Structures are given as structure tokens and as C-alpha cells.
There are 2 protein chains.
Amino acid sequence: MAVRPGLTAERLVRAGAELADEVRFEHVTVSELARRFDVKTASLYSHLKNSHDLKTRIALLALAELADRASEAVAGRAGRDALTAFAAAYRTYAVEHPGRYAAARFPLDPQTAAASAGPRNARLTRAVLRGYGLTEPAETHAVRLLGSVFHGFVSLETAGGFSHSAPPAEETWDWILDALDALLHSTPTPAGTTEAATP
Amino acid sequence: MAVRPGLTAERLVRAGAELADEVRFEHVTVSELARRFDVKTASLYSHLKNSHDLKTRIALLALAELADRASEAVAGRAGRDALTAFAAAYRTYAVEHPGRYAAARFPLDPQTAAASAGPRNARLTRAVLRGYGLTEPAETHAVRLLGSVFHGFVSLETAGGFSHSAPPAEETWDWILDALDALLHSTPTPAGTTEAATP
DNA sequence: GCTGTTTGCCTAATGGTGTTAGGCAGATGC
DNA sequence: GCATCTGCCTAACACCATTAGGCAAACAGC
């Protein structure tokens with residue numbers, strides 16, 4: 001009959017990512033994807049192992065895109081500049097691509113996670129912190145703090161958590177970045193550490 | 001045949017919450033719930049409007065439980081004590097009841113959200129901050145910061161984000177609380193505000 | 001350009017979940 | 001003891017995920 005649609009795993013994953021941005025990642029479905037390519041659902045199984053495989057690949061795509069943006073943001077910047085740019089890249093991506101952002105949180109099995117752009121994102125966070133001259137246990141704590149704050153904020157924001165109350169989310173975001181910058185400069189002593197703070 | 005199981009919406013919701021803690025909130029299903037009560041799936045529809053209704057009610061239960069725990073934690077405490085206890089209540093709940101915690105993040109329509117324990121949680125956060133004497137735009141920013149950090153951290157932790165790297169999550173948690181306490185004491189000036197910091 | 005092989009999309013079938021409509025029997029009220 | 005009501009059941013339909021096997025388009029070699 002008609003010419004073959006020419007499906008490939010890559011095209012499917014890209015379309016799946018767009019679909020996620022439109023209908024939320026959790027509503028991405030093999031059937032809907034097939035519908036978009038005007039193809040029967042079963043046909044996708046030549047290119048994808050199953051639904052979980054599709055979601056995993058969308059997650060990998062999102063993680064890579066996020067790392068690309070973050071990498072571009074921090075290039076040539078340091079200290080507060082780098083922090084702000086990194087944070088903006090992160091938040092902008094989540095706002096522009098909520099479905100992909102949700103995908104980036106899809107739980108990956110350890111092997112897949114290790115091969116993903118996840119570690120690259122972690123290294124970028126460390127690079128941002130380099131300018132603050134933290135010593136080792138503290139730097140890891142700070143990496144986790146930044147991850148928590150950014151993810152938490154963006155997650156609450158996209159869930160509409162701030163949309164119906166007084167100061168716009170934007171202002172809080174700036175305030176938080178100020179606060180984090182100040183915090184990182186003051187290099188707090190870890191709790192539960194035996195070293196005396198004021199000998 | 002046998003005696004009637006005596007289903008009620010409340011029993012179903014409680015069982016649904018337990019189910020969520022076992023199999024993850026997103027895998028809570030009307031069918032599985034029916035199976036647990038040894039009852040046909042269709043029978044649940046006398047007590048629940050639909051699957052979304054079930055999830056909403058589990059979310060409301062979780063929000064209420066969370067507020068109860070938080071409320072107990074902050075009672076009779078102030079300042080750093082209150083902050084630590086509040087944070088611990090939050091994190092403990094998420095670790096002990098991951099499914100319920102995920103449920104508490106289920107998107108509610110505005111009316112339901114307004115009638116939920118969500119606002120009560122927000123008020124409790126404000127109560128914790130009372131001890132730090134923040135002025136108004138800052139207090140709201142701080143409420144959002146705490147929400148972001150706690151949610152972000154717990155969310156990353158339960159996703160296994162910290163489980164395979166060096167310092168235990170516990171230590172980072174304590175470090176973060178130290179940092180937040182210090183931060184709140186230093187009361188940073190909001191960014192983009194026209195008032196001069198040093199006149 | 002014909003032929004044989006590969007491969008991509010199809011049909012068909014199965015099982016799971018969500019949901020509605022209507023029936024029958026156990027619990028309840030008098 | 002009877003009428004009613006309510007709760008759980010059967011039946012049925014739609015949608016999604018997945019597998020098995022078929023057929024024809026694309027392609028390789030001559």
C-alpha cells in the first residue's frame with residue numbers, strides 16, 4: 001500500500017519526548033505514540049522492547065539535554081555567575097519541557113543510570129561549586145543541597161504550588177539563589193563532626 | 001453466600017494507602033484493591049467515584065497525616081529546635097511511608113487542595129519560621145525554600161539518589177539543617193528589591 | 001530486471017485495568 | 001414476616017501492553 005513510515009527507535013523516542021511535554025510523562029503510551037505515526041501499536045515493538053524501554057529512553061534523552069544546557073550555561077562562568085546560570089538552565093528546561101523534566105526523574109536501574117548523563121549532571125554541579133572552595137565532605141553535601149533545592153523548587157512550581165499565592169515564583173527563585181550564594185560563601189561546619197569549631 | 005465484606009470508602013482509602021506504601025503510589029489500582037478485599041472490581045464503584053477519586057482521597061489522607069506529625073513535632077518548640085523537629089517529621093514520614101508521601105504530591109484541583117491539609121502544612125512551616133523573625137516578603141520566600149529543600153531532598157533520597165555514594169544521606173541532612181538555620185538567622189535581603197541595603 | 005532474502009508493518013489473539021448498567025440477595029425497618 | 005433498600009455480583013465495553021505469525025516492500029546479488 002502506502003510507503004513505509006520509516007520508524008526508528010530514535011524518531012520514536014523524540015516523538016515520545018514531545019508527547020510527554022504535551023500530556024505529562026506518566027500519560028505517555030505506546031498506543032498514543034503509534035497513533036501519532038499513523039501506525040498500528042504492535043508495529044512499535046520492532047523498535048522498542050516495551051513501554052518501560054520507551055520511558056527509559058525518553059529519560060536518557062532528557063538527562064542528556066539537561067546536561068547539555070547546564071554545560072553551556074556554566075561554560076566560561078564561575079562563582080555566583082555560574083550558580084545563577086546553572087540554576088536558570090535547570091529551571092528553564094523544566095518549565096519549557098515539563099514532560100521531559102519528569103522523564104529525567106524516571107527511576108533507572110543502576111547500570112543504565114551509570115551510563116546516562118546523570119553523572120555528567122552531577123559533575124557539572126561540582127564544577128559550579130568549585131568556585132566556592134569547599135572542602136570535601138562539605139562539597140558533596142552542597143552538591144546534594146543544590147540538587148534538592150532545584151529539584152524541589154521546580155517540582156513544586158510545575159505542580160502549581162506557588163501559582164496562587166502572593167510573590168511570583170520568580171522572586172522567590174532569585175531570593176533563594178542569593179541565599180545559596182551567601183550560604184556557600186560562609187562554608188558552614190558539618191554537624192556531628194568532632195572537630196571543634198572554635199578551639 | 002458469604003457474609004458481606006462491609007466495604008466503606010474510608011476502609012478502602014486506608015487500604016489504598018497501605019497498598020501505596022507497598023507497591024508505589026503510581027501502581028495503586030482499583031483492581032488490586034478489590035483483590036485485597038476479595039471482592040470484584042466493579043463493587044468498589046459503589047464507594048468510590050473512580051480511580052482518580054481513590055487517589056485523591058489517599059492524597060488527602062497523606063496530607064492530613066503529614067500535618068498531624070508536623071504539628072506534633074513543632075508543638076512546644078521554637079527556632080532551631082522547631083526546624084529540626086519539623087524537618088525530621090517530614091523526612092521520617094516519607095521514609096516510613098513512601099507511597100503515602102508520593103500520594104501527598106498528587107495534583108489536586110484547586111478546590112480540593114484548598115480544603116485539604118495542605119494549607120495547614122503551610123501554616124506549620126510559617127510557624128517554624130516565626131522564631132527567626134523574618135519580615136514579610138522574606139518569610140514567604142523562606143517557606144518556599146524549606147518546602148523545596150525538604151521535598152527535593154526526600155524525593156531524591158527515596159529515588160535512591162544518595163544511596164550509592166560516599167557520605168550517608170543522614171549526614172547531609174544534618175548539614176543542610178545547620179545551613180538552613182544559619183541562613184535564616186542571617187536574613188538575606190531580597191534580590192530585585194528597590195530598598196538600598198546600605199544607605 | 002529478475003530473484004531470494006531480509007525486515008518492517010500488519011492482523012489476530014490474550015490478558016490486565018477502568019468503568020457503566022442492571023440484577024439479585026442479604027441486611028434493615030416496620 | 002414482609003417490604004425495602006443497599007451492596008456486591010455478572011455482563012459488557014473500551015483502552016493499553018504484549019506476543020506470534022504473515023505478507024509485502026526494500027534491497028542485494030547476479
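Sequence lines set the chain letters: A, B, ... in the order given, protein chains first and strands last, and positions in each chain run from 1. All of these numbers come straight from a predicted model, not from anything done at the bench.
Summarising the geometry, the separation between CG on A/Leu48 and C1' on C/dC9 is reported as 14 Å, rounded to the nearest angstrom. A straight line from NZ of B/Lys55 to P of C/dT17 spans 12 Å, rounded to a whole angstrom. Remark: C1' of C/dT17 and CD of A/Glu26 are 17 Å apart, rounded to the nearest angstrom. Rounding to whole angstrom units, CZ of residue A/Arg11 and C1' of C/dC9 are separated by 14 Å. Straight-line distance from the OH atom of A/Tyr45 to the P atom of C/dT7: 22 Å, rounded to whole Å. Taking atom CG of A/Leu44 as the reference point, atom C1' of D/dC16 lies 12 Å away to the nearest angstrom. At whole-Å resolution of the value, CG in A/Leu54 and C1' in D/dC16 are 13 Å apart. When rounded to the nearest whole Å, the span between CG of B/Leu12 and C1' of C/dG18 equals 15 Å.
The listed nucleotides are D/dC9, C/dC10, D/dA17; the one nearest the side chain of A/Lys40 is C/dC10. For A/Ala42, taking side-chain heavy atoms from C-beta onward, the closest of the listed nucleotides D/dC8, C/dT17, C/dT11 is C/dT11.
Side-chain contact check for A/Thr158 versus A/Tyr101: every heavy-atom pair is 4.5 Å or farther apart.
The main-chain N or O of A/Ala89 is never found under 3.5 Å from a side-chain atom of A/Thr92 such that the two would form a donor-acceptor pair.
Within the structure, a side-chain polar atom (N or O) of B/Thr29 is placed less than 4.0 Å from OP1 or OP2 of C/dG18. Applying the 4.0 Å criterion to OP1 and OP2 of C/dG18, one finds that B/Ser31 has a side-chain N or O inside that range. Applying the 4.0 Å criterion to OP1 and OP2 of D/dC8, one finds that B/His47 has a side-chain N or O inside that range.
At the heavy-atom level, B/Ser51 lies under 4.0 Å from the strands shown only through sugar-phosphate atoms.
A donor and an acceptor atom, one from each side chain of B/Arg126 and B/Thr140, are located under 3.5 Å apart.
Counting non-hydrogen atoms of neighbouring residues, nucleotides and ligands closer than 6.0 angstrom, the CD atom of B/Glu136 exceeds 12 such neighbours.
Identified under the side-chain hydrogen bond (donor to acceptor under 3.5 Å, both in side chains) test for residues 12-22 of chain B, with sequence neighbours left out: B/Glu10-B/Arg14, B/Asp21-B/His97, B/Asp21-B/Arg100, B/Glu22-B/Arg36.
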